[in-house]
A.B. asks: 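Following this message is one structure expressed as structure tokens.
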Amino acid sequence: MLLRARRAVTISAAVVAVTLAAAACGGTTKDSTDNASAGPASSASANPDAALKDGLKIAFLPKQVNNPYFTVADKGGEKAVTEFKGTYKEVGPSDASASSQVSYINTLTQQGQNGICISANDANAIVPALTQARQRGVKVVTYDSDAAVAGRDAFVNQANPEDLGRSEVQLLAKQIGEKGKIAILSATPNATNQNTWIEFMKDELKKFPGMQLVKVAYGNDDDQKSFQETQGLLQAYPDLKGIISPTTVGIAAAGRYLSSSPYKGKVQLTGLGTPNQMRKYVKDGTVKQFELWDPAKLGYLCAYTAAALASGQITGKEGEKFKAGELGEYTIGKDGAILLGPPQVFEAANIDQFNF
């Protein structure tokens, strides 16, 4: 649902984040309860001792439905909402285009949701709709991929973006002996988290003069397109030595292509993936190492953040503290950001210890 070179390989597991829709938007709906809920929370001053309200309506709006990463993440959100006796809902588009989430935001606002947890397909395209939601009292928390600060109350960040971007380059550098042409297989061109990580990747590559980034390709978080983009990269650059795919859909598609191609074992692949997706590619030698956080914990933390906001425990200001169920206490950082924790590196020696 992301360290310095040695530290990146040894960090402990922390952390890896679909679907109502207005009928015209082609999404699906899943509610965990049908109980009535309180209306949107007021904008009173923060009271850290306030109890979480019963019956809060919390909706999750991922980048796209049927994405394995967000399925896991939002299940974590559902678990949290059940714990604090709220009503859970998943809504989302089937594609990850910039404007695909707007109609869902509008519908959720009209329904009087207390909180919306959203992974932004575009940092700015959804801000007007989110602003209207907040004006109506809806608390907005982004997770995985942030929106512009003006459009949300808080952001649950899966890991430090700089650590993620740099560590993925470090992992690949180790695997290819710090030499050769490499490519990046990203999600969508406007994905804020992907672009942030890629900027740090490019900066980290300055430390490895023997490595050359030849292209950033985009699979749009679509399995078949990511598969085709991987094929296209190797046709265009037959001497490619490595690929970084900082998206769970992309790395799995690339792994599938490489595993049955002449490039298996010759082109190294790393990035962000779930253990269950990547296990077979690690065991058959296609992939040596990759990393991720626990997306279920990401969704879980997002739900508790939305509940804390809707209950008046926090307002999203830097320094405020709140408890997130079994994950314990968190402190809000600059610009309303909340950091889940460091990523976990997966490899043959430990991958069977994880199941998500």
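Given the structure is predicted, the values throughout are model-derived calculations rather than measurements. For this chain, numbers begin at 1 and follow the sequence in order.
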A.B. asks: Per the ring-ring contact (aromatic ring centres under 6.0 Å, His included) rule, which among Tyr143, Tyr300, Phe70 passes with Phe60?
C.D. replies: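 Among Tyr143, Tyr300, Phe70, the one that satisfies the ring-ring contact (aromatic ring centres under 6.0 Å, His included) with Phe60 is Tyr143.
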
A.B. asks: Going only through I, L, V, M, F, W and Y residues with side-chain contacts under 4.5 Å, is there a path from Ile105 to Phe155?
C.D. replies: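 The answer is no; the residues belong to distinct hydrophobic clusters.
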
A.B. asks: Side chains of Lys264 and Ser259 only: does a donor on one sit below 3.5 Å from an acceptor on the other?
C.D. replies: no

A.B. asks: Following the transitive rule for hydrophobic clusters with a side-chain heavy-atom cut-off under 4.5 Å over Ile, Leu, Val, Met, Phe, Trp and Tyr, establish whether Leu309 and Leu52 coincide in one cluster.
C.D. replies: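 They do share one cluster, since a chain of ILVMFWY contacts under 4.5 Å joins Leu309 to Leu52.
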
A.B. asks: What pair of heavy atoms forms the shortest contact from Val249 to Asp223, and how long is it?
C.D. replies: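 Shortest heavy-atom separation between Val249 and Asp223 comes out as CG1-N, 3.6 Å.
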
A.B. asks: Does one hydrophobic cluster hold both Val216 and Leu172, with members joined at side-chain heavy-atom distances below 4.5 Å?
C.D. replies: yes

A.B. asks: Under the side chain to side chain contact (heavy atoms under 4.5 Å, CB included) rule, what do Val72 and Thr274 come out as? Steps first, then yes or no, please.
C.D. replies: CA-CA 10 Å; Val72 175; Thr274 68; 5.6 Å; no

A.B. asks: Return the minimal non-hydrogen interatomic distance between Arg279 and Phe354, and the atom names on each side.
C.D. replies: NH2-O, 2.5 Å

A.B. asks: Go through it in stages, so that I can follow the logic: the residues are Ser97 and Asp95, the test is side-chain hydrogen bond (donor to acceptor under 3.5 Å, both in side chains), and I'd like the CA-CA distance, side-chain angles, deciding distance and then a yes or no.
C.D. replies: CA-CA 6 Å; Ser97 63; Asp95 67 287; 2.5 Å; yes

A.B. asks: Identify whether the distance between the nearest side-chain nitrogen and carboxylate oxygen of Lys207 and Glu178 falls below 4.0 Å.
C.D. replies: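 Salt bridge between Lys207 and Glu178, a charged N being under 4.0 Å from a carboxylate O: no.
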
A.B. asks: Do Asp221 and Thr247 meet the criterion of a side-chain donor-acceptor pair at a distance under 3.5 Å?
C.D. replies: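 Yes, Thr247 and Asp221 have a side-chain donor paired with an acceptor closer than 3.5 Å.
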
A.B. asks: Could you give me the CA-CA distance, side-chain angles and deciding distance for Gln194 and Ser186, then say whether side-chain hydrogen bond (donor to acceptor under 3.5 Å, both in side chains) is met?
C.D. replies: CA-CA 7 Å; Gln194 303 277 320; Ser186 186; 2.9 Å; yes

A.B. asks: In Å, rounded to the nearest 0.5 Å, how long is the span from NZ of Lys63 to OG of Ser119?
C.D. replies: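 Atom-to-atom, Lys63:NZ and Ser119:OG are 5.0 Å apart.
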
A.B. asks: Between Asp144 and Gln158, do the side chains contain an N or O donor and an N or O acceptor separated by less than 3.5 Å?
C.D. replies: yes

A.B. asks: With respect to Lys57, which candidate in Ile116, Leu108, Thr87, Val81 satisfies the side-chain contact (heavy atoms from CB on, under 4.5 Å) definition?
C.D. replies: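 Considering Ile116, Leu108, Thr87, Val81, a side-chain contact (heavy atoms from CB on, under 4.5 Å) with Lys57 is found only for Thr87.
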
A.B. asks: For Pro62 versus Gly92, what's the shortest heavy-atom pair and its separation?
C.D. replies: CD-CA, 4.5 Å

A.B. asks: Distance from Met211 atom CE to Ile176 atom CD1, nearest 0.5 Å?
C.D. replies: 4.0 Å

A.B. asks: Is there a path of hydrophobic side-chain contacts, each under 4.5 Å between heavy atoms of I/L/V/M/F/W/Y residues, joining Phe356 to Met278?
C.D. replies: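 Met278 and Phe356: one cluster.
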
A.B. asks: What distance separates Ile251 CD1 from Thr270 OG1, expressed to the nearest 0.5 Å?
C.D. replies: 5.5 Å

A.B. asks: State whether the side chain of Arg136 and the backbone N or O of Gln113 hold a donor-acceptor pair below 3.5 Å, judged by distance alone.
C.D. replies: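 It does not hold such a pair.
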
A.B. asks: Look at Lys317 together with Glu320 and state whether they make a salt bridge at an N to O cut-off of under 4.0 Å.
C.D. replies: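 Answer for the salt bridge query: no.
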
A.B. asks: Could you please spell out the steps behind the side chain to side chain contact (heavy atoms under 4.5 Å, CB included) verdict for Leu171 and Glu291?
C.D. replies: CA-CA 9 Å; Leu171 287 175; Glu291 62 184 2; 4.0 Å; yes

A.B. asks: Under a 3.5 Å threshold, yes or no: a donor from one side chain and an acceptor from the other, between Thr192 and Ser145?
C.D. replies: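 Looking only at side-chain atoms, Ser145 and Thr192 do form a donor-acceptor pair, the distance falling under 3.5 Å.
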
A.B. asks: Which atoms form the tightest heavy-atom contact between Ala148 and Val127, and what is the distance?
C.D. replies: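 Closest heavy-atom pair between Ala148 and Val127: CB-CG2, 3.8 Å.
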
A.B. asks: Do Phe200 and Leu339 belong together in a cluster built from hydrophobic side chains that touch within less than 4.5 Å?
C.D. replies: no

A.B. asks: Would you check, one step at a time, whether the test side chain to side chain contact (heavy atoms under 4.5 Å, CB included) holds for Tyr281 with Arg256?
C.D. replies: CA-CA 8 Å; Tyr281 303 127; Arg256 189 171 82 253; 3.2 Å; yes

A.B. asks: State the OG-CD1 distance between Ser245 and Ile184, to the nearest 0.5 angstrom.
C.D. replies: 9.5 Å

A.B. asks: How long is the gap from OH on Tyr237 to CD1 on Ile182, to the nearest 0.5 Å?
C.D. replies: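 Answer for the OH-CD1 pair, Tyr237 versus Ile182, is 12.0 Å.
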
A.B. asks: Pairing donors with acceptors under 3.5 angstrom, does anything connect the side chains of Tyr257 and Gln228?
C.D. replies: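 The criterion, which ignores hydrogens and geometry beyond distance, is not satisfied for Gln228 and Tyr257.
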
A.B. asks: Between Lys89 and Asp74, does any NZ, NE, NH1 or NH2 come within less than 4.0 Å of an OD or OE carboxylate oxygen?
C.D. replies: no

A.B. asks: Mind running side chain to side chain contact (heavy atoms under 4.5 Å, CB included) on Asn193 and Asp146 for me, showing each step along the way?
C.D. replies: CA-CA 7 Å; Asn193 56 348; Asp146 200 9; over 6 Å; no

A.B. asks: What are the two closest non-hydrogen atoms of Asp54 and Phe84, and how far apart are they?
C.D. replies: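 The pair with the smallest heavy-atom distance is OD1-O, 4.2 Å.
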
A.B. asks: List the steps, then state whether salt bridge (charged side-chain N to carboxylate O under 4.0 Å, His left out) holds for Asp352 with Lys283.
C.D. replies: CA-CA 10 Å; Asp352 283 338; Lys283 292 193 171 185; 2.8 Å; yes

A.B. asks: What is the distance from atom OH of Tyr304 to atom NZ of Lys323, rounded to the nearest 0.5 Å?
C.D. replies: 11.5 Å

A.B. asks: Looking only at heavy atoms, what is the nearest atom pair of Met201 and Gly165, with distance?
C.D. replies: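 Closest heavy-atom pair between Met201 and Gly165: CG-O, 3.3 Å.
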
